[in-house]
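First the structure, then my questions, so here it is.
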Amino acid sequence: MTQPVEQARLAVETASDRQASDIVLLDIRGVSDFTDYFVILTAGSMRQLNALTEDIEAALKKAGAVRHHREGVAQSGWVLLDYGDVIVHLFGEDERDFYDIEGAWSRAVEVVRIQ
């Protein structure tokens, strides 16, 4: 089983390889008691959002991570993948601006940002 930081970095790497934009890895251990890391990314279309969701799930499963919960669908512009210590937020462009996860968690430590 991989460590949470390795799972988060794998999600970032997979998203980057699949052309997601504005990928951010936040370490929220100092400001949250329910998870350690957020991965936040933007997809340019509903089709890309579906593909990114599937690819990240497959990569993390292969690495031994167990998904606890999934919320949202690509058609809504938002999907959340909950792996316990790592939560992956996949957004369409408008939904990313609307939910402003980085703003809500402004005290988190930004570990990685890929434009």
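The shown structure was predicted, so the numbers you read here are calculated from the model rather than taken from an experiment. Atoms considered below: every heavy atom in the structure, side chains included; atoms not considered: hydrogens, waters and symmetry mates.
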>> With clusters defined by side-chain heavy atoms of hydrophobic residues (ILVMFWY) lying less than 4.5 Å apart, directly or transitively, does I101 cluster with L80?
In response: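 In one cluster: yes.
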> Are V12 and V109 in one and the same hydrophobic cluster, where Ile, Leu, Val, Met, Phe, Trp and Tyr link if side-chain heavy atoms are under 4.5 Å apart?
Replying inline: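 Different hydrophobic clusters.
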> Which atom names give the shortest non-hydrogen contact between I56 and A15, and what distance separates them?
Replying inline: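 In this case the closest contact between I56 and A15 is CD1-CB, 4.3 Å.
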> Taking atom CD1 of I87 and atom CZ of F34, what is their separation to the nearest 0.5 Å?
Replying inline: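 With rounding to 0.5 Å, CD1 (I87) is 5.0 Å from CZ (F34).
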> To the nearest 0.5 Å, how far apart are CD1 in I23 and CD in E13?
Replying inline: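 Output value for this atom pair is 10.5 Å.
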>> Are the side chains of Q7 and D85 in contact, using a 4.5 Å heavy-atom criterion?
In response: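 SC-SC contact between D85 and Q7 ruled out.
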> Taking the side chain as C-beta and beyond, is there a heavy-atom pair between V24 and E110 under 4.5 Å?
Replying inline: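 Side-chain contact under 4.5 Å: yes.
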>> Check for me, please, whether L10 and V5 land in the same ILVMFWY cluster - side-chain distances under 4.5 Å, paths through other members count.
In response: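 L10 clusters together with V5.
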> With the 4.5 Å side-chain cut-off for hydrophobic clustering, are M46 and W78 part of the same group?
Replying inline: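 No, no single cluster joins them.
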> Any salt bridge between D55 and R18, counting N to O under 4.0 Å?
Replying inline: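 Between R18 and D55 there is a salt bridge, with a charged N closer than 4.0 Å to a carboxylate O.
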>> Please determine whether residues V86 and I28 belong to a single hydrophobic cluster, defined as Ile, Leu, Val, Met, Phe, Trp and Tyr linked transitively by side-chain heavy-atom distances below 4.5 Å.
In response: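 No: no chain of side-chain contacts under 4.5 Å links V86 to I28.
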> What is the minimum heavy-atom distance between L49 and G92, and which atoms define it?
Replying inline: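 Looks like CD2-N, 4.5 Å.
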> Are any of the side-chain heavy atoms of L41 and V88 separated by less than 4.5 Å?
Replying inline: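 A side-chain contact exists here, since the closest heavy-atom pair is under 4.5 Å.
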>> Rounded at 0.5 Å granularity, tell me how far NE2 in H68 sits from OG1 in T35.
In response: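 Going from NE2 on H68 over to OG1 on T35, the span is 9.0 Å.
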> Under the ring pair (Phe, Tyr, Trp, His ring centres under 6.0 Å) test, which residues partner F38, sequence neighbours left out?
Replying inline: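 Once residues adjacent in sequence are excluded, the partners of F38 under the ring pair (Phe, Tyr, Trp, His ring centres under 6.0 Å) criterion are H89, W105.
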> Between CD of E57 and OG1 of T14, what distance do you get to the nearest 0.5 Å?
Replying inline: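 Those atoms lie 11.5 Å apart.
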>> Can you confirm whether more than 12 heavy atoms, excluding those of R9, are under 6.0 Å from its CZ atom?
In response: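 Atom CZ in R9 is not packed in, count stays at 12 or less.
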> Looking at side-chain heavy atoms only, is the closest gap between H69 and E71 below 4.5 Å?
Replying inline: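 Touching, per the 4.5 Å side-chain cut-off.
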>> Apply side-chain contact (heavy atoms from CB on, under 4.5 Å) to residues V111 and L26 and explain how you reach the verdict.
In response: CA-CA 6 Å; V111 178; L26 297 178; over 6 Å; no
> Can you check side-chain contact (heavy atoms from CB on, under 4.5 Å) on V79 and R70, steps first, answer last?
Replying inline: CA-CA 7 Å; V79 175; R70 176 178 174 171; 4.1 Å; yes
> Between R96 and D22, does at least one N-O distance fall below 4.0 Å, as a salt bridge requires?
Replying inline: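 Salt bridge present between R96 and D22.
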> Atom CG in L60, atom CD in E6: separation rounded to 0.5 Å?
Replying inline: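 So the gap between those two atoms works out to 11.5 Å.
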>> So, using side chain to side chain contact (heavy atoms under 4.5 Å, CB included) as the criterion, who are the partners of Q48 when residues are at least two apart?
In response: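 Checked Q48 against side chain to side chain contact (heavy atoms under 4.5 Å, CB included); matches are Q19, A43, S45, L52.
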> How many angstroms lie between atom CZ of F91 and atom OG of S76, to the nearest 0.5 angstrom?
Replying inline: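 Answer rounded to 0.5 Å: 9.5 Å.
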>> Do L90 and L81 make a side-chain contact, defined as non-hydrogen atoms from C-beta onward lying under 4.5 Å apart?
In response: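 A side-chain contact under 4.5 Å exists here.
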